[in-house]
Undergrad: 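Can you read through this structure? Questions will come right after.
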Protein chains: 2
Amino acid sequence: MSKQLSNVDRVYESLRQMAADFAFKPDQRINESELSKLLGASRTPLREALNRLVAEGFLTFQNNRGFFCRSLTPKYILDLYEARVAIECEALRLACRRAKDHEITALGDYLEQIEPDYESGSDPAEQLAMDEAFHLRLAQLSGNDELGRMLRNLNDRIRYIRLIDLKRLRDKTGKRVPGELSAHSRIFLALSGRDPAAAEAAMRGHIEKRREAATEAVQIAFSQLYVPQD
Amino acid sequence: MSKQLSNVDRVYESLRQMAADFAFKPDQRINESELSKLLGASRTPLREALNRLVAEGFLTFQNNRGFFCRSLTPKYILDLYEARVAIECEALRLACRRAKDHEITALGDYLEQIEPDYESGSDPAEQLAMDEAFHLRLAQLSGNDELGRMLRNLNDRIRYIRLIDLKRLRDKTGKRVPGELSAHSRIFLALSGRDPAAAEAAMRGHIEKRREAATEAVQIAFSQLYVPQD
DNA sequence: GTATTCTAAATTGTATACAATTCTGTATGC
DNA sequence: GCATACAGAATTGTATACAATTTAGAATAC
């Protein structure tokens, strides 16, 4: 018998997805009655789920005015990239000390396994999912659950912008995303060699490079969110 | 006219305090009806607040079984200390690059201002509050709101153990907490000199030192939580 | 004594009702 | 035109009721 999901959990998952995708536009006020009808639940479980998302930074809340989508500004996204650097670099340092050899081997296998998809022009969303999975597995080699948890939260809030950035990157280079793969290899090699300084430097450069393109991606995000797409 | 606090907000603040202080014992199941009576609110706003605390890592939730206090284990506390290292070191590096001179001066003034309280044997809880305030202000000099937000969350979840650790430290050394003050000075001096490497090294050592005493503090925490104190 | 089954009590999950507050649009005054 | 005041509509805040589920304890079987 499979575990019984509660209504709150279903609603929460839906809302989290919607918030990640900016199905609510930045700063948009959220109408509870409307949304509860849409999700097929009453306002009670809906509000419980909304409160979780406030605590996770997806939404904001104003007393007697209700829930709002988080803002989308370059500053916000730059902050998220920096927080990723903080979490991922420290996790990587710890991983260099603590990861078991077989865990590193397994991660190397994963990297090889996703390589063909990275090389070919597969779906950008899938490509990003693989990238996130690699980074998350890396962070989990630290053995620190809090760091993993924080990274997952950051990933969910930054994904929309990263996807735009990735698409742009592909468009500019004709389906290829040069550098990304070799950056991952560089990080992995430093980890294999248990060289925290080299690993951190590689990770820092890798994330920083995308951070530099973030402001532009935010501009594009706004045009996508407010101009009707075909 | 002062801002009107909602019932949820009041309940949330109370619960957060209670959870930080382990007024709920580790893994303890939380009875909603009882708690709602205690806090003078119905279950609806109570559950909204509880959901926020789940998302913040103070509580856990199991479907159809309700809310539970988080576990208290050495591993959990060690993870929190490591997460602090990740956040605070990166924030400090950024602060070295970005903090305005007058902000650094102001922080130095604050350090001097709290020095007498640190030297004398003032209330440990106050002393810890001052320590947290210093670290938080430091982190805020990074200009990164996410890092500040994360640090505040970590502080709240680790405070109970840190307070125990601080008390022990004082008992062993007769009201003095040697090294703490000079550690802060060392960090501050490196920041003033805009030397990120030195600053990070000082911060890392500072936190790491307390982390090493964490397991012991957790033992004491358990004895305090389950053995009646006078 | 231990395990199992069953029943009643307790507890959680969610819909709904209604009070409190905010919002919207119209009228009014200057 | 612009600001203000106001009334009605819409929306949020919270208590309550009741269904669904879990828990606790007694009774039974082995």
Side-chain angles (χ1 to χ4, degrees), chain A residues 1-19 22-71 226, chain B residues 1-19 22-71 226:
Chain A
M1 77 217 219
S2 68
K3 64 167 173 250
Q4 181 73 348
L5 251 293
S6 82
N7 218 337
V8 181
D9 286 324
R10 285 194 311 95
V11 168
Y12 168 74
E13 291 301 336
S14 301
L15 288 176
R16 192 183 169 93
Q17 189 70 52
M18 290 171 75
F22 281 102
F24 311 112
K25 300 211 186 309
D27 300 308
Q28 178 194 332
R29 185 172 175 174
I30 291 172
N31 185 315
E32 296 173 16
S33 314
E34 200 180 314
L35 193 54
S36 76
K37 249 183 293 183
L38 180 69
L39 298 175
S42 80
R43 281 175 59 223
T44 307
L46 170 62
R47 282 179 59 107
E48 292 189 11
L50 288 169
N51 271 285
R52 286 196 210 172
L53 292 165
V54 168
E56 291 178 328
F58 288 96
L59 305 176
T60 61
F61 174 77
Q62 283 177 256
N63 196 344
N64 285 322
R65 307 217 323 116
F67 298 88
F68 297 78
C69 183
R70 67 196 184 284
S71 310
Y226 292 105
Chain B
M1 74 218 219
S2 66
K3 62 163 172 254
Q4 181 74 350
L5 250 294
S6 83
N7 219 338
V8 182
D9 286 324
R10 284 194 312 95
V11 168
Y12 168 74
E13 291 300 336
S14 301
L15 289 176
R16 192 184 169 91
Q17 190 70 52
M18 291 171 75
F22 282 102
F24 311 112
K25 300 215 186 307
D27 300 309
Q28 179 194 332
R29 185 171 174 173
I30 292 171
N31 185 316
E32 295 173 16
S33 313
E34 199 180 316
L35 193 54
S36 77
K37 250 183 292 183
L38 180 71
L39 298 174
S42 78
R43 282 177 57 221
T44 309
L46 171 61
R47 282 179 59 107
E48 292 188 10
L50 288 170
N51 271 284
R52 284 196 211 172
L53 292 165
V54 168
E56 290 178 329
F58 288 96
L59 305 176
T60 61
F61 175 76
Q62 283 176 255
N63 196 339
N64 286 321
R65 307 216 327 116
F67 297 88
F68 297 79
C69 182
R70 68 197 184 284
S71 310
Y226 292 104

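Bear in mind that the values here come from a model prediction, so they are computed numbers and not experimental data. Residue numbering restarts at 1 for every chain, and letters A, B, ... go by the order of the sequence lines.
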Undergrad: When you measure from the side-chain N and O atoms of B:N63 to the phosphate of C:dG13, is any distance below 4.0 Å, counting only OP1 and OP2?
TA: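 Looking at the OP1 and OP2 atoms of C:dG13, one of them is under 4.0 Å from a side-chain N or O of B:N63.
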
Undergrad: Looking at A:R43, does any N or O in its side chain come under 4.0 Å of the phosphate oxygens OP1/OP2 on C:dT16?
TA: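 Answer no for this pair, as no side-chain N or O of A:R43 is under 4.0 Å from OP1 or OP2.
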
Undergrad: Just N and O in the side chain of A:R29: are any of them under 4.0 Å from OP1 or OP2 of D:dT11?
TA: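 No, because none of the side-chain N or O atoms of A:R29 sits under 4.0 Å from OP1 or OP2 of D:dT11.
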
Undergrad: Write down the distance between CZ (B:F61) and P (D:dT21), rounded to a whole number of angstrom.
TA: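 Roughly 14 Å, once rounded to whole Å.
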
Undergrad: Rounded to the Å, how far apart are B:Q62 CD and C:dT12 P?
TA: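 To the nearest whole Å, that distance equals 12 Å.
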
Undergrad: Round to a whole Å and report the spacing from CD of A:E32 to C1' of C:dT16.
TA: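 Atom CD in A:E32 sits about 14 Å away from atom C1' in C:dT16.
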
Undergrad: Base, sugar-phosphate, or nothing for B:I30, non-hydrogen atoms under 4.0 angstrom?
TA: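 The residue B:I30 makes sugar-phosphate contact but no base contact.
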
Undergrad: Rounded to whole Å, how long is the line connecting atom CG of B:L50 with atom P of C:dT11?
TA: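 From B:L50 CG to C:dT11 P: 15 Å.
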
Undergrad: When the distance from CG of B:L46 to C1' of C:dT11 is rounded to whole Å, what number comes out?
TA: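 Taking CG of B:L46 and C1' of C:dT11, I get 13 Å after rounding.
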
Undergrad: With heavy atoms under 4.0 Å as the rule, sort A:F67 into base, sugar-phosphate or nothing.
TA: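 Counting heavy atoms under 4.0 Å across all strands, no contact is made by A:F67.
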
Undergrad: Main chain of A:E32, side chain of A:R47: is a donor-acceptor contact present, judged purely on distance under 3.5 Å?
TA: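 The answer is no, because no donor-acceptor pair under 3.5 Å joins these two groups.
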
Undergrad: If only side-chain N and O atoms of B:S42 are considered, is one of them under 4.0 Å from the OP1 or OP2 phosphate oxygen of D:dA15?
TA: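 Yes, because at least one side-chain N or O of B:S42 sits under 4.0 Å from OP1 or OP2 of D:dA15.
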
Undergrad: How close or far is atom P of D:dT12 from atom CG of A:L59, stated in whole angstroms?
TA: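 Answer to the nearest Å: 13 Å.
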
Undergrad: Is B:L35 close to B:M18 at the side-chain level, that is, under 4.5 Å between some pair of heavy atoms?
TA: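 A side-chain contact under 4.5 Å exists here.
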
Undergrad: Rounding to an integer number of Å, can you tell me how far B:N51 CG sits from D:dT14 P?
TA: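 Nearest whole value for this atom pair: 15 Å.
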
Undergrad: Could you tell me whether the phosphate oxygens of D:dT12, OP1 or OP2, come under 4.0 Å of any side-chain nitrogen or oxygen in A:N64?
TA: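 The answer is no; no side-chain N or O of A:N64 sits under 4.0 Å from OP1 or OP2.
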
Undergrad: Take A:R65 and A:T44, find for each the nucleotide of DNA chain C with the closest heavy atom, and name the residue whose nucleotide sits nearer the 5' end.
TA: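 Whichever sits nearer the 5' end wins; that is A:T44.
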
Undergrad: The test is side chain to side chain contact (heavy atoms under 4.5 Å, CB included); show your working for B:F61 and A:E48 and say whether it passes.
TA: CA-CA 12 Å; B:F61 175 76; A:E48 292 189 11; over 6 Å; no

Undergrad: Using only atom types and a distance under 3.5 Å, with no angle test, would you say the side chain of B:R16 pairs donor to acceptor with the backbone of B:F58?
TA: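 Pair absent, no side-chain N/O of B:R16 close to backbone of B:F58.
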
Undergrad: Round to the nearest Å and state the distance from B:E48 atom CD to D:dT12 atom P.
TA: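 The answer, rounded to whole Å, is 12 Å.
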
Undergrad: For the pair A:R52 and A:D9, find out whether any cationic side-chain nitrogen is under 4.0 Å from an anionic carboxylate oxygen.
TA: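 Here A:R52 pairs with A:D9 in a salt bridge, since their nearest N and O are under 4.0 Å apart.
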
Undergrad: C:dA15, C:dT11, D:dT12: which one has an atom nearest the side-chain heavy atoms of A:P45?
TA: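 Selected nucleotide (nearest to the side chain): C:dA15.
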
